[in-house]
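Quick notes on the structure that follows.
Please read all numbers here as calculations on a predicted model, not as lab measurements. When a ligand or atom number is given, it counts from 1 through the structure's own listing order. All values below were derived from every heavy atom in this structure, side-chain atoms included, with hydrogens, water molecules and symmetry-related copies excluded.
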Amino acid sequence: MQEIEILKRRVERERKARMEAEAILEDKALQLYQVNEQLRQLNENLEQQVKEGGAKLQKSEKRYQQLIESVQDIIYKISPSGYFTFVNPVVEQRLGYSADEIIGRHFTELVVPEYREQLVNFYWEMVNSQKESTYNDFPVYKKNGEIAWIGQTVRLIESEGNVMELVAVARDITEQVATEDALRTTQTRLSTLITNLQKGVLVEDENRRIILVNQLFCDLFAIPLKAELLIGIDCSQSAEQSKHLFSNPEEFVQRINELLARQEIMINEELHMADGRILERDYVPIFLEGQYRGHLWKYADVTEQYLARESIRKSEEKYRGIMNNMELGLIEVDLEDRICKAYDRFCEMMGYAEEELIGQIASDLFLPEEFRNVFNEQQSIRIEGRATSYEIQMVKKDGSRIWVIVSGAPIMDEYGEIVGSMGIHYDISARKLLEQELALAKEVAEEARQAEKQFLANMSHEIRTPLNAIIGMTHLLFDTRPNKQQYEYLDILKSSADFLHSLISDLLDMAKIEAGRIEVQSHPFDLVGLLRTTQRVFQIKLENRPIELDLMIDGRIAGNYMGDDVMLNQILLNIIGNAEKFTEEGTIEITAKLKKEDNDTVWIEFKIADTGIGIPKEKLELIFQKFKQVNPQGHKHKGTGLGLAITKQLVELQGGTLTVKSEENEGTTFTFTLPFQKSDAEIVKNDYEIEEGSSNLEKCNLLVVEDNIMNQRYISGLLNKWNIPFTIAIDGRKAVEQAHKQQFDIILMDIQMPNMDGYEATLTIRNTTNLNQKTPIVALTASAMLDQKNKTKAVGMDDFITKPFTPTQLLSVIKRFLKAESLKTEPVQDEAPPAKVESLLNYPRIKDLYGDDTEYIVDMMETFLTDALPDFAEFQGLINAQDWVALSKLAHRLKPTLGMVGLTDLEEKMGQLETRARNNPQPESLQLIWSSITDKLENGTKEIQQEIEKLKS
Ligand code: ADP
């Protein structure tokens with residue numbers, strides 16, 4: 001376009017110059033003609049005068065002279081042989097020579113050599129043919145050596161058929177020649193340019209005749225002619241003739257007509273050709289001095305650019321399509337976080353129009369204050385040129401917030417300098433909401449699960465107590481000589497109660513395992529002995545059944561190992577119990593094999609193989625799940641479906657694995673491998689093999705440090721039973737005092753005690769000079785948690801047992817430290833002996849109330865436990881709510897129930913609670929009183945339960 005503009009301007013300029021030159025030329029020619037005319041008349045006059053005679057001659061010659069001198073052109077005369085005979089003074093002005101310098105010289109001397117011959121010939125011809133007048137132009141040398149172009153009119157002067165002389169009027173036309181020359185050059189250049197232009201050009205005049213056309217034009221439209229041959233052709237039908245070349249012929253013709261009618265410049269119009277090419281067309285009307293003089297068509301093949309553009313457009317569209325479908329909001333920011341570009345989806349996401357965003361600081365606009373730190377951190381990573389992604393909230397135009405995941409990447413310029421960054425935002429609000437709901441749901445579910453577990457644990461515990469009574473009573477009833485039917489009923493009653501009991505025990509175990517309350521306790525034990533006892537227990541059970549029970553022990557298994565014998569025993573009982581349940585006849589084979597051994601550990605593989613009903617392959621996975629029983633139809637057995645779940649957990653707790661193999665109707669084999677530490681410690685024979693015999697335990701002396709009265713009673717009861725002398729210290733300080741007074745063989749040390757706790761007491765005993773610096777100290781811990789275990793070791797305790805411990809556990813730890821050879825004991829029962837220490841129960845009060853009517857006492861006590869005790873749970877809630885009226889009423893109602901069961905201390909405290917709540921309610925002091933009640937209430941309740949048991953038996 002620019003090109004054309006320049007061309008147009010140049011053509012215009014040169015046209016003007018030519019016109020000016022032409023005007024001058026015309027003007028001069030006119031003048032020349034006039035001069036010639038004058039000359040001719042002069043000549044005629046002259047001839048006339050010559051004829052008229054001499055007198056006037058001189059005068060007229062003078063006038064002639066004056067005339068010649070007055071013109072601006074060089075006027076000269078030469079002889080027929082070419083020598084200057086006259087020249088007017090203008091010659092000096094024009095060429096620099098004086099008239100004298102010229103006259104007498106041959107005219108060719110001034111002419112530029114290349115033109116001389118031609119000129120001589122020209123004038124020779126003129127003279128010969130006696131042409132009256134000629135015009136010619138040629139270059140001559142000026143005096144200063146420059147070349148000037150001369151255009152001259154020459155006339156022959158004849159006299160009677162003879163050429164007398166030649167008169168010339170010559171004009172300096174140097175300028176005109178130069179202009180024409182320039183014009184010619186320009187024209188040549190112009191047409192060369194157009195011819196060679198990489199665009200098809202066609203110029204038509206106002207009558208639609210072709211003035212100019214280049215080859216490319218012909219090529220574009222497949223015109224099989226040389227371009228020059230088209231010059232002059234009429235184009236008025238060309239649109240009609242060539243319309244078939246276009247994909248929309250009628251539109252093409254119509255547009256051409258429109259353009260021609262409008263005569264307005266129109267560029268870059270896109271035309272689709274039938275053969276698929278794309279042309280770009282310019283239409284340029286040509287005006288000369290406001291006059292329409294034709295127009296120029298310019299066509300360019302832009303197919304390639306078009307296709308490239310199209311493919312970019314398509315890929316952009318595709319990209320945008322993807323972006324929109326992916327719901328990604330994009331913005332570009334500079335290094336100051338100023339928004340340079342915001343894409344549609346982003347604007348839509350944030351509720352802004354792009355104009356509103358450009359130039360704004362993105363973080364100021366979108367970022368909630370609490371996410372500023374996250375953002376800054378990410379920004380610094382981005383500045384280093386690394387791409388990042390993170391989750392933040394963003395504020396929309398309407399003030400609401402959305403959660404987005406932002407992925408950022410640096411934007412670099414062509415030199416690789418970071419100039420800003422691109423933020424890609426994905427709206428994850430819905431996901432976040434879901435996450436929150438999920439978390440909430442999980443929390444609720446977790447709480448529910450905990451509550452359920454707690455409930456289960458509590459219920460199991462609560463059910464066990466009355467169940468014991470049922471089982472006990474059933475035993476008693478068997479002794480009352482029931483008739484046959486009653487016996488049957490009792491049998492059913494007993495087995496149901498037994499089942500219920502085992503179910504409850506399993507549930508409790510499971511709850512304990514799941515709460516992480518079961519901990520592996522490692523101490524030396526006799527593995528072979530344990531296995532033999534187990535075999536014996538089952539052999540007795542299987543006495544009347546066609547099942548043989550074999551035990552095979554690897555010869556390499558000998559000596560003592562450290563491990564949790566109680567757990568191992570439970571595992572064996574469960575698995576062998578199942579084998580016994582699901583086997584009608586055949587064998588149950590127990591094998592213990594040493595699998596692996598290193599310096600301090602042995603791995604023992606236990607296998608229990610039966611020839612029972614087996615388990616279908618597809619159900620093998622299920623048996624370890626809770627409450628799953630997979631027996632074939634019609635096969636009934638008692639069981640909870642918890643046994644194997646517990647067993648598996650117990651095996652895994654000890655670092656072992658439990659696997660099963662089974663063939664239906666052939667049998668089942670359970671295998672588990674457990675690691676045990678090797679031990680040199682001399683151990684007592686385990687509980688299963690307690691032998692009768694004399695004991696020297698009577699000679700030893702124990703210190704029991706325990707603040708809890710119930711525990712004191714429990715331990716002292718057992719020690720009394722075993723005839724082991726002991727002293728009780730009620731806290732750490734008392735223990736240290738005792739340690740200074742006499743030497744003990746073992747100290748049983750509680751951990752949590754008032755005044756001085758067990759850790760501190762142990763440290764003091766170990767680090768001060770006293771009689772018991774080296775005495776074994778066994779911790780009585782309330783929790784089997786590892787941290788507590790480690791701490792007992794760290795302060796210098798020798799071992800620990802976890803409360804609540806069984807008599808067996810206590811005895812075995814005592815024996816271990818006393819190195820007793822054997823022990824004479826009664827079969828041990830896992831229950832507390834009658835109290836010898838101070839009790840919470842006010843026995844005189846009970847006697848006062850009920851005399852010796854034990855049934856009455858039991859009844860009252862059971863009523864207290866079932867009817868009154870649950871109400872005590874309400875107190876804490878009322879204190880929290882500061883509902884003093886309700887609190888004092890509740891205290892008033894429950895106070896006498898405490899008195900009725902002999903808990904007189906608590907009765908008194910309850911009285912205090914009642915009056916305080918009514919008269920002077922202060923949350924702290926009421927909480928204090930309540931805490932002191934709950935502390936004792938627990939022990940009180942236990943005492944009552946034991947009292948009931950005692951009275952009943
Ligand atoms: P249950 O209290 O029912 O015995 P367990 O968890 O101990 O619960 O066992 C789950 C189920 O696995 C049993 O009900 C029984 O179907 C199957 N099972 C366990 N041991 C054996 C075995 N030795 N032979 C056949 N089936 C067995």
Side-chain angles (χ1 to χ4, degrees), residues 453 456 460 463-464 467 494-514 518 531 534-535 537-539 541-542 545-552 566-592 605-654 656-674:
K453 264 195 214 158
L456 212 61
S460 313
I463 292 168
R464 215 148 55 152
L467 209 55
K494 184 181 174 291
S495 67
S496 302
D498 280 343
F499 170 66
L500 211 54
H501 191 263
S502 81
L503 168 67
I504 297 298
S505 299
D506 281 354
L507 280 175
L508 260 179
D509 280 349
M510 205 64 220
K512 272 196 223 156
I513 290 173
E514 284 181 352
I518 286 199
L531 289 167
T534 310
Q535 182 194 22
V537 168
F538 280 95
Q539 270 169 342
K541 265 185 123 182
L542 294 168
R545 286 168 59 187
I547 301 172
E548 198 174 303
L549 185 78
D550 297 335
L551 171 65
M552 283 176 286
V566 179
M567 260 188 209
L568 175 61
N569 191 49
Q570 193 175 344
I571 294 165
L572 289 169
L573 292 186
N574 280 349
I575 299 177
I576 304 168
N578 277 343
E580 174 249 311
K581 265 194 281 186
F582 298 105
T583 308
E584 289 296 322
E585 59 179 327
T587 48
I588 298 174
E589 205 172 84
I590 308 167
T591 1
E605 181 192 81
F606 300 88
K607 225 179 228 178
I608 294 96
D610 64 48
T611 55
I613 61 167
I615 304 166
K617 284 248 156 2
E618 68 279 9
K619 296 195 172 148
L620 274 179
E621 283 296 304
L622 295 177
I623 57 168
F624 297 114
Q625 292 177 15
K626 283 187 270 180
F627 307 109
K628 281 273 172 3
Q629 295 180 327
V630 298
N631 317 311
Q633 228 149 36
H635 193 284
K636 291 231 162 63
H637 82 279
K638 280 190 215 154
T640 59
L642 270 173
L644 283 177
I646 293 172
T647 306
K648 187 169 186 318
Q649 301 250 31
L650 292 181
V651 170
E652 285 168 3
L653 265 177
Q654 296 172 83
T657 45
L658 173 65
T659 56
V660 60
K661 277 199 183 133
S662 188
E663 279 297 329
E664 249 179 301
N665 301 319
E666 294 203 358
T668 307
T669 305
F670 284 92
T671 311
F672 63 97
T673 309
L674 292 178

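Between Phe606 and Phe672, the ring planes lie parallel to each other; the angle is under 30°, not in the 30° to 60° tilted range.
Comparing Asp610, Ile615, Ile623, Ile588 against atom 12 (O) of ligand 1, the shortest heavy-atom distance belongs to Ile623. Of the options Leu644, Ile576, Thr647, Val660, the smallest heavy-atom separation from atom 9 (O) of ligand 1 is shown by Leu644. The heavy atom nearest to atom 24 (N) of ligand 1, considering only Thr668, Thr669, Thr611, is found in Thr668.
Note on ligand 1: Gly612 sits outside its first shell, no heavy atom being nearer than 4.0 Å. Residue contact annotation: Phe670 has a non-hydrogen atom under 4.0 Å from ligand 1.
Contact annotation: the side chain of Lys607 approaches that of Thr669 to within less than 4.5 Å [non-hydrogen atoms, C-beta and beyond]. Side chains of Gln570 and Leu573 form no contact here, defined as non-hydrogen atoms less than 4.5 Å apart. The closest side-chain heavy-atom distance from Leu531 to Leu572 is below 4.5 Å.
Exactly one residue among Val660, Thr659, Thr668 makes a side-chain contact (heavy atoms from CB on, under 4.5 Å) with Leu620. That residue is Val660. Leu549 pairs with exactly one of Glu589, Glu580, Gln535 by the side-chain contact (heavy atoms from CB on, under 4.5 Å) rule, that one being Gln535.
Those atoms of ligand 1 that come under 4.0 Å of a heavy atom in Gly614, given as number and element, are 25 (C). Atoms of ligand 1 lying under 4.0 Å from at least one heavy atom of Lys581, given by number and element, are 1 (P), 2 (O), 4 (O).
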